[in-house]
Structures are given as C-alpha cells and as structure tokens.
Amino acid sequence: MPKISTPATNGKLAAKIESLNPWFHNLHLPNGVQTAPNHYFGDFPKFKWNDIQKSIPKNLEGWTALDIGCNAGFYSFELAKRGATVLGIDLDPHYLRQAKWAAKEMGLADKVSFKQMQVYDLAKMKRSFDLIIFMGVFYHLRYPMLAMDIVTQKVDRMLVFQTLTMPGEDVFEPKPDMSLDDRKQMLKKGWPVMSFIEKRLASDPTNWWAPNHACIEAMLRTCGLKVTSRPGHEMYIAKRDAKLTHVAEGWNRSEYLSAIGQDWAKALEEKVGR
C-alpha cells in the first residue's frame with residue numbers, strides 16, 4: 001500500500017529522493033511529492049504519457065508488459081496501475097535503484113520488477129509480452145535494426161514505439177522490385193532512410209541514428225507489425241498483422257540467428273534448399 005503522508009514522512013521522503021539524485025523521471029509519489037519537479041523538460045515523462053495513454057487499454061488485468069529503457073520506472077508504474085504485470089529493464093544501476101525504491105513507495109512492488117539488461121539480451125529470453133514500451137532508446141543504439149528484430153519478436157499484442165526522427169512526413173511508395181539502374185528512386189522525397197550521426201547531437205555521444213517517418217513504418221512492416229495510430233510526435237502504436245512476416249522468421253533467419261549468437265546452420269540449409 002502507498003505510504004501515508006505526514007510532515008515527518010515527507011521530510012524523510014525528500015531526503016531519500018535527494019540521496020537518489022539525479023533523477024531523469026519526475027515521478028509523482030502518492031503523497032504528492034515529486035522526484036524532479038524542476039525538470040528541464042517540464043513534467044517529464046508525464047506529458048509523453050498523456051499522449052499515448054488513450055491508445056493503451058485502461059484495463060490491463062492479465063496482460064504482461066515490458067518497459068525497455070525503463071529509467072526510474074514511470075511507464076512501468078502507469079501500466080501496473082492498470083493491472084499489468086511489468087518487467088522494466090535498463091542498463092544503468094542508478095536508475096534501477098530509483099525504480100525499485102519508487103515501486104515500494106507506490107505500493108506496486110508486487111506488480112513490477114526491474115532488471116539490469118541490454119536490449120539485445122532479450123534474444124535470450126524465452127518469453128514474450130502482450131505490450132512492449134520501446135521509447136527513447138532506438139536512436140541511442142549502435143545496432144538499431146538488430147534491436148528492432150529482437151524486440152518485435154517479443155510482441156504479442158501491441159508495441160508503443162518512439163524515437164528521435166528526421167523531419168518530414170512524406171512517404172514514397174517504391175515498386176515491389178526495381179533494377180540496379182533504378183537506384184535514383186532512393187533519392188526521392190519520402191524514401192525510407194535513416195541518418196547516421198557520426199558526431200554529436202545535443203552534446204550526446206550516444207545519439208547514433210535518426211530515421212524518417214517512412215523508414216519507421218517500413219522497418220516495423222518487415223518485423224511483422226503494422227502502425228495502427230500515431231498518438232503524438234515521433235510516437236507509434238503498432239500491432240501484429242497476419243499479412244506480414246517477420247524477416248527474421250523468413251529467408252533471413254540464418255543471419256538473424258548468427259547475429260544473436262545462436263546456431264544458424266540448419267536455417268541456412270533450409271534457405272539454400274528453398
């Protein structure tokens with residue numbers, strides 16, 4: 001149960017929050033105390049949650065959820081409040097300490113668990129999730145398409161995806177096939193592209209990639225998912241589409257298995273046989 005608010009407990013709470021500084025998530029604790037009320041982005045990430053929350057079922061009882069790059073757990077807690085059983089993963093032990101502490105303060109420790117993991121480690125996980133939150137991570141990854149292949153194979157119902165993007169909403173629809181001489185089409189406005197950031201962007205050395213809108217939709221389609229809505233800037237809701245096949249389950253499976261460190265020989269034999 002959430003802890004009861006008194007002047008004495010609020011003082012201890014403030015001291016604990018300060019001991020866990022710095023905070024990137026401004027969590028609203030049950031007694032009204034916030035972890036980062038003076039955040040330079042404003043009430044972050046609550047304002048992003050306000051964009052996507054209507055796209056997620058209000059009742060998530062019986063659902064399992066994965067929060068990739070969970071930080072201090074804001075999205076994990078919101079999903080747990082709706083009834084989901086949530087696993088939050090992050091690289092940074094500092095943020096995981098914040099998340100584990102906050103889960104107890106919110107009375108959600110029985111609904112949420114946190115683990116230090118790389119996104120690529122999900123390939124070793126023998127389970128999938130009804131709902132996956134994959135926000136604010138993709139563009140920080142050196143190997144983004146591998147991560148996308150891994151993550152999307154773990155989605156049973158819904159993916160909530162957000163990434164830094166290139167400007168523009170144009171989509172160029174190429175033919176199903178083209179000759180080598182038709183490569184000039186790749187220069188057309190709206191061709192799916194992803195810009196590589198060799199130097200820094202916003203003083204952050206981990207900002208590696210910025211896909212355009214067409215590229216995001218195309219990547220998700222090759223992963224067997226279709227964008228069903230766009231609830232906010234750079235945000236995508238995608239769901240499984242029976243008409244689409246995950247490339248890692250088709251002709252490219254041997255390469256995918258090699259990339260995640262699994263035996264690929266049998267898959268290659270099947271590919272050559274076809």
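Numbers here are sequence positions counted from 1.
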Between N212 (side chain) and V193 (backbone), is there a donor-acceptor pair under 3.5 Å?
yes
In the structure I gave you, are the side-chain heavy atoms of V247 and D149 within less than 4.5 Å of one another anywhere?
yes
Say you draw a straight line from CE of M158 to OG of S229; how long is it, rounded to the nearest 0.5 Å?
7.5 Å
Minimum heavy-atom distance between K104 and A109, given as atom pair plus value
CG-CB, 4.3 Å
Single-linkage hydrophobic cluster, 4.5 Å side-chain cutoff, F47 and F74 together
no
Which distance, rounded to the nearest 0.5 Å, do you find between the CH2 of W63 and the OG1 of T85?
12.5 Å
Would you check if the side chain of Q162 reaches a backbone N or O of G136 as a donor-acceptor pair within less than 3.5 Å?
yes
When clusters are formed by joining ILVMFWY residues with side-chain heavy atoms under 4.5 Å apart, either directly or through shared neighbours, do W101 and L96 land in the same one?
yes
Within this structure, what is the CD1-CG distance for the pair I132 and L122, rounded to the nearest 0.5 Å?
7.0 Å
Tell me, do C70 and L87 make a side-chain contact under 4.5 Å, heavy atoms counted?
no
Checking the side chain of H246 only, and the main-chain atoms of G224 only, is there a donor and an acceptor separated by less than 3.5 Å?
no
State whether the side chain of N207 and the backbone N or O of L201 hold a donor-acceptor pair below 3.5 Å, judged by distance alone.
yes
Is the backbone N or O of L244 less than 3.5 Å from a side-chain atom of R221, with the two atoms forming a donor-acceptor pair by type?
no
Pairs in or reaching into residues 177-201: which pass side-chain hydrogen bond (donor to acceptor under 3.5 Å, both in side chains), with residues at least two apart or in two chains?
S179-D182
Between H28 and D43, is any side-chain donor less than 3.5 angstrom from a side-chain acceptor?
yes
Treating Ile, Leu, Val, Met, Phe, Trp and Tyr as nodes and any side-chain heavy-atom pair under 4.5 angstrom as an edge, say whether F77 and I17 lie in one connected cluster.
yes
Using modelled atom types and a 3.5 Å cut-off, is there a donor and acceptor pairing between side-chain atoms of S128 and backbone atoms of D156?
no
For D130, enumerate each residue passing the side-chain hydrogen bond (donor to acceptor under 3.5 Å, both in side chains) test, keeping only those at least two apart in sequence or located in another chain.
T64, R157
Just one of F161, Y236, Y143 clears the ring-ring contact (aromatic ring centres under 6.0 Å, His included) bar with F138, so which one?
F161
Determine whether W208 and Y139 satisfy the following criterion, ring-ring contact (aromatic ring centres under 6.0 Å, His included), listing intermediate values before the conclusion.
CA-CA 6 Å; W208 286 110; Y139 54 98; over 10 Å; no
Taking side-chain hydrogen bond (donor to acceptor under 3.5 Å, both in side chains) as the cut-off, I'd like each qualifying pair that reaches into residues 106-124, sequence neighbours left out, listed once.
none
Apply salt bridge (charged side-chain N to carboxylate O under 4.0 Å, His left out) to R230 and list each qualifying residue two or more places apart in sequence or on a separate chain.
E169
Hydrophobic clusters here meaning ILVMFWY residues chained together by side-chain heavy-atom distances under 4.5 Å, can you tell me if I216 and M194 are in one?
yes
Just so I know, are the side chains of P144 and M219 near enough to count as touching, which here means a heavy-atom distance under 4.5 Å?
no
Between the side chain of H25 and the main-chain N/O of P45, is any donor-acceptor distance below 3.5 Å?
no
Between CZ on residue R82 and CD1 on residue I56, distance to nearest 0.5 Å
6.0 Å
For M135, does its backbone N or O pair with a side-chain atom of K48 as donor and acceptor, under 3.5 Å?
no
Rounded distance [0.5 Å steps], OG1 in T35 versus CD in E105:
11.5 Å
With the 4.5 Å side-chain cut-off for hydrophobic clustering, are F44 and I52 part of the same group?
no
I need the D67 CG to D90 CG distance, nearest 0.5 Å.
8.5 Å
Show every side-chain hydrogen bond (donor to acceptor under 3.5 Å, both in side chains) that has at least one partner inside residues 258-270, sequence neighbours left out.
none
Please work out which of the three classes, parallel, tilted or perpendicular, describes the rings of F41 and F24, given edges at 30° and 60°.
perpendicular
side-chain hydrogen bond (donor to acceptor under 3.5 Å, both in side chains) with D170: which residues, sequence neighbours excluded?
none
